[in-house]
K.L.:
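If you scroll down you'll find the structure; I have some questions about it.
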Amino acid sequence: MKPRLNVLWNEIFCKRCVLCVEVCPVGVLSLERDEIVEKPGCIRCYQCERYCPDIAIEVMDEGNRLSS
Amino acid sequence: MIDRSYKDLLKMRRFPHTWCPGCGIGAVLKNVAMGLREMGWDYRNTVIVSGIGCSGRMGGYMNVDAVHTPHGRPLTAAEAIKTVRPDLNVVVLSGDGDLASIGGNHLLHTARRNPDITVFCNDNEIYGLTGGQAGPTTPKGTKTITSPRGEHYQPLRLNRILTTQAPYFYAKTTVYHLNHFKTCIHEALRYKGFSFVDIISDCIELNGRRLGFKTAHQMFKWFDQRFHIVEGVRDHLKDDELGIAMKEADTLPKVKVEVSEKPEVSLKDLKPFSLEELASFDGQDGKPIYIGYQGKVYDLSTSPLFQGEKRMRCHLGGKDLTQEIGIAPHGEELIFKFPIVGRLKE
Ligand SMILES: Cc1ncc(C[n+]2csc(CCOP(=O)(O)OP(=O)(O)O)c2C)c(N)n1
Ligand code: SF4
Ligand code: SF4
Ligand code: SF4
């Protein structure tokens, strides 16, 4: 599990289908050099987590969040 | 925070699962697991039955007892399990090819008998596992590996087939309309009777790419163009509607059965049998089976118990069974159904 700003990304489960990237309403996720990365600006809507078919991305609890 | 306890219902140690990137089956698996968790169903009271196909592999990832049946047969196994163990919750996870094509006959008849099982059909409108051939639900005109110039035939309309005979529960949803999808799962699991959820899902690799979609999300947008959600519970759903079609059983007017009282037969008028005469009617060599009970002689030949091979092995025929039947529970009620043919001599 790799922590991003607001999400935890599981590089082993992830199949790089970019569904999370495309459902994110504010477009903060992207696939760069075969990794899902996050820009600042997440509104913690959980869409990426809800749509990921591989259970490979989770929105972190408020407390664990890296400050953006 | 969202509740992630549904993961207990999945074999997370087997992840990543085998499906292609972006395949909708992963979403079906995950959301069904969430639904089961909400219902409080788990390995103690739930059985999953799957068939064959990419979708048929869902059973293998559920952390509950699961049966993987031959192609097309999950409904037969599910109904059998529900019949012998009515206390278990039985859930079928399979594909449209498996349930509606090779298993189409079972689908009709299981729906007709209305057992309390829930079916989640991953309807990707294609045969996925075998390479993307046109299946029973492939829309007319769709290009597939077996229909390069567009599928020639009309698809099976499950929305019509499964809503012809009440009682029924048929829901249609997609993996894109997530909230609607979750509602359908929830309602189907709660429904007492045969419930079928037709989940339009994406086979991005073997169907989507040929249709020109680059990602699963592009296919989702296409679903959104093709279908729209209708609110509330309907009697039927049109081909482009997503929603729940449900109907209770039609209450047929009860047929009155005339019960004619059996006239009391006086013992005197009956043909007298001695015990020796009675003994010859033991069912051997095509003779009828008579037994004595409380002074009367009954003809048991019509009983299914004494038909066929059993008839030969029957040691009861031709005897006075007053004592034996007196002991057996319900013995008397059973005997009184058979015709009286005589009386026992004193
Ligand atoms: C008796 C039998 N006939 C044919 C097959 C080949 N076969 C395997 S999977 C499949 C189609 C499954 O389609 P579907 O249920 O739509 O599942 P999907 O792979 O699309 O999820 C077929 C025809 C088989 N395994 N067994
Ligand atoms: S949706 Fe899930 S599997 Fe797909 S790219 Fe995002 S994290 Fe990976
Ligand atoms: S929680 Fe919402 S805003 Fe944040 S990354 Fe996920 S989809 Fe984007
Ligand atoms: S072939 Fe199609 S249905 Fe099968 S796993 Fe791949 S995308 Fe899913």
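Small disclaimer: the values here were computed from a predicted structure and weren't measured. Numbers restart at 1 for each chain; the letters A, B, ... are given by sequence-line order, proteins then strands.
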K.L.:
Identify the heavy atoms of B/F15 and A/D54 that sit nearest to each other, and give their distance.
P.N.:
CD2-O, 3.9 Å

K.L.:
Can a donor-acceptor pair be found, under 3.5 Å and without considering hydrogens, that links the side chain of B/H217 to the backbone of A/C17?
P.N.:
no

K.L.:
Quick one: closest heavy-atom pair of A/K15 and B/P21, and the distance?
P.N.:
O-CB, 3.4 Å

K.L.:
Is A/E49 salt-bridged to B/K30, going by a charged N under 4.0 Å from an acidic O?
P.N.:
no

K.L.:
Let me know if B/M34 has heavy atoms under 4.5 Å from chain A in its side chain, its backbone, both or neither.
P.N.:
neither

K.L.:
Just give me the residue among B/C20, B/G22, B/P16 that pairs up with chain A most often, heavy atom to heavy atom, under 4.5 Å.
P.N.:
B/P16

K.L.:
For the interface with chain A, which of B/T215, B/I25, B/L178 has the highest count of heavy-atom pairs at distances below 4.5 Å?
P.N.:
B/L178

K.L.:
Looking at B/A27, B/G26, B/A216, which one has more heavy-atom pairs under 4.5 Å with chain A than the rest?
P.N.:
B/G26

K.L.:
Please check: side-chain N/O of A/Y51 versus main-chain N/O of B/V175, any donor-acceptor pairing under 3.5 Å?
P.N.:
no

K.L.:
Go through the atoms of B/K182 and report whether side chain, backbone, both or neither lie under 4.5 Å from a heavy atom of chain A.
P.N.:
side chain

K.L.:
Evaluate the side-chain proximity of B/F220 to A/L19: yes if any heavy-atom separation is below 4.5 Å, no if none is.
P.N.:
yes

K.L.:
Is any side-chain heavy atom of A/R50 less than 4.5 Å from a side-chain heavy atom of B/N31?
P.N.:
no

K.L.:
Determine whether more than 12 heavy atoms belonging to other residues, nucleotides or ligands lie under 6.0 Å from atom NZ of B/K143.
P.N.:
no

K.L.:
What is the minimum heavy-atom distance between B/C23 and A/P53, and which atoms define it?
P.N.:
O-CB, 3.7 Å

K.L.:
For a 4.5 angstrom cut-off between non-hydrogen side-chain atoms, does B/L10 reach A/I55?
P.N.:
yes

K.L.:
Tell me whether the count of non-hydrogen atoms from other residues, nucleotides or ligands lying under 6.0 Å of NZ in A/K39 goes above 12.
P.N.:
no

K.L.:
What part of B/F181 lies closer than 4.5 angstrom to a heavy atom of chain A: side chain, backbone, both or neither?
P.N.:
neither

